[in-house]
Amino acid sequence: MLASDRIAEENAPRLPAHRSDYQQLGEVLARGGADAEAVAGALARFSVACPSWALGTGSTRFGRFPRGGEPVTTEQKIDDIAALHALTGANRSVSLHVPWDDPEDPAALREYARERGLGFDAMNSNTFQDNPSTTEGGKISYKFGSLCHSDASVRKAAIEHNRYVIRLGEKLGSKAITIWLADGTSYPGQGSFRGQFERVLDGLCEIYRAMPEDWRLYTEHKPYEPAFYSTVNADWGSSLLLAQGVGERALCLVDLGHHLPNANIEQVVSRLAMAGKLGGFHFNDSKYGDDDLTAGSIEPYQLFLVFLELLDAGGGELPRLAYMLDQSHNLKDPIEDLIQATDALMIALAQALCVKRAELREAQRENDPVLAEELLHRAFRGDVRPLVAEARLRNGAAIDPIATYRAVGYREAKLAERGDSTVATGL
Ligand code: RM4
Ligand code: MN
Ligand code: MN
């Protein structure tokens, strides 16, 4: 584990500069009517879950280049998330993907995580790959879909897998299941849009009935991949229809990479929130498709606008949704990528919190697009990093998490401990 005194030791020489930057920024913000203390407080409460498949090197269709020292057991993954959280102070929970992680003793795993200050967020089921334990040694296959399948025995296996994931999640203290389906078709005529949708809706209803009363079910849409002609839950409209058809505790989950090019994602967020059906987020960034790049690395302005809509949905506060990072780390050390992403989310949230929302409303009423945009730019173009560092400091985390991660030699230690040829489960 990354000791807190080791982090404090790294923070010590950075403290004087940080204090002065934070104070100066506080004065600048105060002149504009914003309260640095309030923003830092809100940032210190922010948390985004880390999925258990994020600690290994991701692959592309063309290859995978593991760097060694990757976690193999679920406990080792939790160790890495604990190290991440120690540095950022903002990754308080783990999201398991079953069967990539399928603990034999969930009660012991829950305790293991608790001892490291972590809880379990939404569970993720996987019916986009064949799973030997529910697909009876290859007799049942998800090649042509899972809940949408024309064969009832395949649908039954997929429902059973989701029930299994819910039962596992109950033992871990999770309160939700996220269902992303690869279901769809790759060729026109291959399946019926309507028939597939109705079967998915029926399947989700059955899974919903298997959930405890305090659980939520999230439907995650995605336009294409691996289905290349049609995907059953392709867009926010389909996701909304599914969530509305399933029940009150079925909500939509927005993955930032799951939209067709140029989609106005912040407007999607607003619409779903307006319908009372916004349930969660998967953060990442993309240039072309579901690239799963570091959050905020390509479209930071979009990320800021998304957070602004979230604050709108929460009446000025961040609504309590299932926030999770969903990235693929092909080139970077996964932990460094996760640190950068968490930092980017906190920066975007800080900027959004600095927007004078009452003045923005007034500019909108007055039909003054220039002033409205100026109000956004004033917040977006300011350097809010001292606020984020202050939030980390208040959580006992690192002023500069990347530099601290490198200085403590975490990866080197894991390479020595786990070896240079370990490969984590995932894609
Ligand atoms: C999908 C989607 C899901 C994730 C899988 C691995 O594209 O984003 O959320 O669980 O990838
Ligand atoms: Mn996702
Ligand atoms: Mn994705």
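The model shown is predicted, which means the values in this text are computed figures rather than measured ones.
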Smallest heavy-atom separation, Asp383 atom then Pro386 atom, equals O-CD, 3.7 Å
With a 3.5 Å cut-off and no angle check, do the side chains of Tyr208 and Glu248 form a donor-acceptor pair?
no
Residues 215-238 vs salt bridge (charged side-chain N to carboxylate O under 4.0 Å, His left out), sequence neighbours excluded, gives Lys222-Glu225, Lys222-Asp290
Sidechain-backbone polar pair: Gln76 side chain, Val72 backbone, donor-acceptor under 3.5 Å: yes
Closest non-hydrogen atoms of Pro66 and Thr57, given as atom of the first, atom of the second and distance, are CA-OG1, 3.5 Å
Checklist entry - Sub-3.5 Å donor-acceptor pair from the side chain of Asn126 to the main-chain atoms of Pro99, do we have one? => result no
- [ ] Report the C-alpha separation of Tyr410 and Asp80 in whole Å, then their side-chain angles, then the decisive distance to 0.1 Å, and conclude whether the side-chain hydrogen bond (donor to acceptor under 3.5 Å, both in side chains) test is met.
- [x] CA-CA 9 Å; Tyr410 185 84; Asp80 284 5; 2.6 Å; yes
Report task. Tell me whether the centres of the aromatic rings in Trp53 and His97 are closer together than 6.0 Å. Result -> yes
Salt bridge (Lys or Arg N to Asp or Glu O under 4.0 Å) assessment of Glu37 paired with Arg394: CA-CA 11 Å; Glu37 282 294 303; Arg394 290 181 187 186; 3.0 Å; yes
Are Tyr301 and Phe304 an aromatic pair, judged by ring center distance below 6.0 Å? yes
Is a donor on one side and an acceptor on the other found under 3.5 Å between the side chain of Lys77 and the backbone of Glu70?
-> no
Please check if the distance between the ring centroids of Tyr224 and His259 is under 6.0 Å. no
Tabulate below the donor-acceptor pairs under 3.5 Å that side-chain atoms of residues 308-317 make, not counting sequence neighbours, or state none.
unit_1: Asp312; atom_1: OD1; unit_2: Arg357; atom_2: NH2; d: 3.1
unit_1: Asp312; atom_1: OD1; unit_2: Arg361; atom_2: NH2; d: 2.6

Do Asn124 and Ser95 meet the criterion of a side-chain donor-acceptor pair at a distance under 3.5 Å?
yes
- prompt: Checking side-chain hydrogen bond (donor to acceptor under 3.5 Å, both in side chains) for the pair Gln129/Trp100: CA distance, chi angles, key distance, verdict?
  reply: CA-CA 10 Å; Gln129 291 172 319; Trp100 291 343; 2.9 Å; yes
If the threshold is 4.0 Å, N to carboxylate O, is there a salt bridge linking Glu336 and Arg406? yes
| Do side-chain atoms of Asp368 reach the backbone of Ala363 as a donor and acceptor pair under 3.5 angstrom? | no
Note: Ala83 and Leu2 closest approach over all heavy atoms is O-CD1, 3.9 Å
Short side-chain to backbone donor-acceptor contact, Trp215 and Ser174, under 3.5 Å: yes
In short, salt bridge (charged side-chain N to carboxylate O under 4.0 Å, His left out) pairs touching residues 320-332 with sequence neighbours left out are Lys332-Asp337
Are Phe307 and Phe380, when compared by the centres of their aromatic rings, separated by less than 6.0 Å?
no
side-chain hydrogen bond (donor to acceptor under 3.5 Å, both in side chains), that's the test. Do Asn91 and Thr342 meet it? Break it down for me. CA-CA 8 Å; Asn91 308 96; Thr342 304; 3.1 Å; yes
- Item | Test item: Asp183 side-chain N/O and Ser146 main-chain N/O as donor-acceptor pair under 3.5 Å | yes
Side chain Gln327, main chain Ala295, donor-acceptor under 3.5 Å:
yes
Practice prompt. Say whether Asn233 and Ser238, considering side chains only, have a donor N or O and an acceptor N or O under 3.5 Å apart.
Written response: no
Applied to residues 116-128, the salt bridge (charged side-chain N to carboxylate O under 4.0 Å, His left out) test, sequence neighbours excluded, yields Asp79-Arg116
key: Backbone of Thr127 reached by a side-chain donor or acceptor of Asn131 within 3.5 Å   = no
Test item: Ser47 side-chain N/O and Arg92 main-chain N/O as donor-acceptor pair under 3.5 Å | yes
In terms of heavy-atom contacts, Glu390 and Ala40 come closest through CG-CB, 4.0 Å
(message) Looking only at the side chains, is there a donor atom on one of Tyr164 and Asp102 sitting less than 3.5 Å from an acceptor on the other?
(response) yes
Between side-chain atoms of residues 199-207 and protein atoms elsewhere (two or more places apart, or another chain), which donor-acceptor pairs fall under 3.5 Å?
unit_1: Arg199; atom_1: NE; unit_2: Cys148; atom_2: O; d: 2.8
unit_1: Arg199; atom_1: NE; unit_2: His149; atom_2: O; d: 3.2
unit_1: Arg199; atom_1: NH2; unit_2: Cys148; atom_2: O; d: 3.2

Tabulate below the donor-acceptor pairs under 3.5 Å that side-chain atoms of residues 185-198 make, not counting sequence neighbours, or state none.
unit_1: Thr185; atom_1: OG1; unit_2: Ser230; atom_2: OG; d: 2.7
unit_1: Ser186; atom_1: OG; unit_2: Phe228; atom_2: N; d: 3.2
unit_1: Gln190; atom_1: OE1; unit_2: Ser186; atom_2: N; d: 2.8
unit_1: Gln190; atom_1: OE1; unit_2: Tyr187; atom_2: N; d: 3.3
unit_1: Ser192; atom_1: OG; unit_2: Arg194; atom_2: N; d: 3.3
unit_1: Ser192; atom_1: OG; unit_2: Gly195; atom_2: N; d: 2.8
unit_1: Arg194; atom_1: NE; unit_2: Glu198; atom_2: OE2; d: 3.1

*asked:* For the backbone of Asn284 and the side chain of Asp292, can you confirm whether one donor and one acceptor N or O come within less than 3.5 Å of each other?
replied: no
Residues Asp285 and Ser297: closest non-hydrogen pair is OD2-N, 3.3 Å
Are the charged groups of Glu170 and Arg167 less than 4.0 angstrom apart, N to O? no
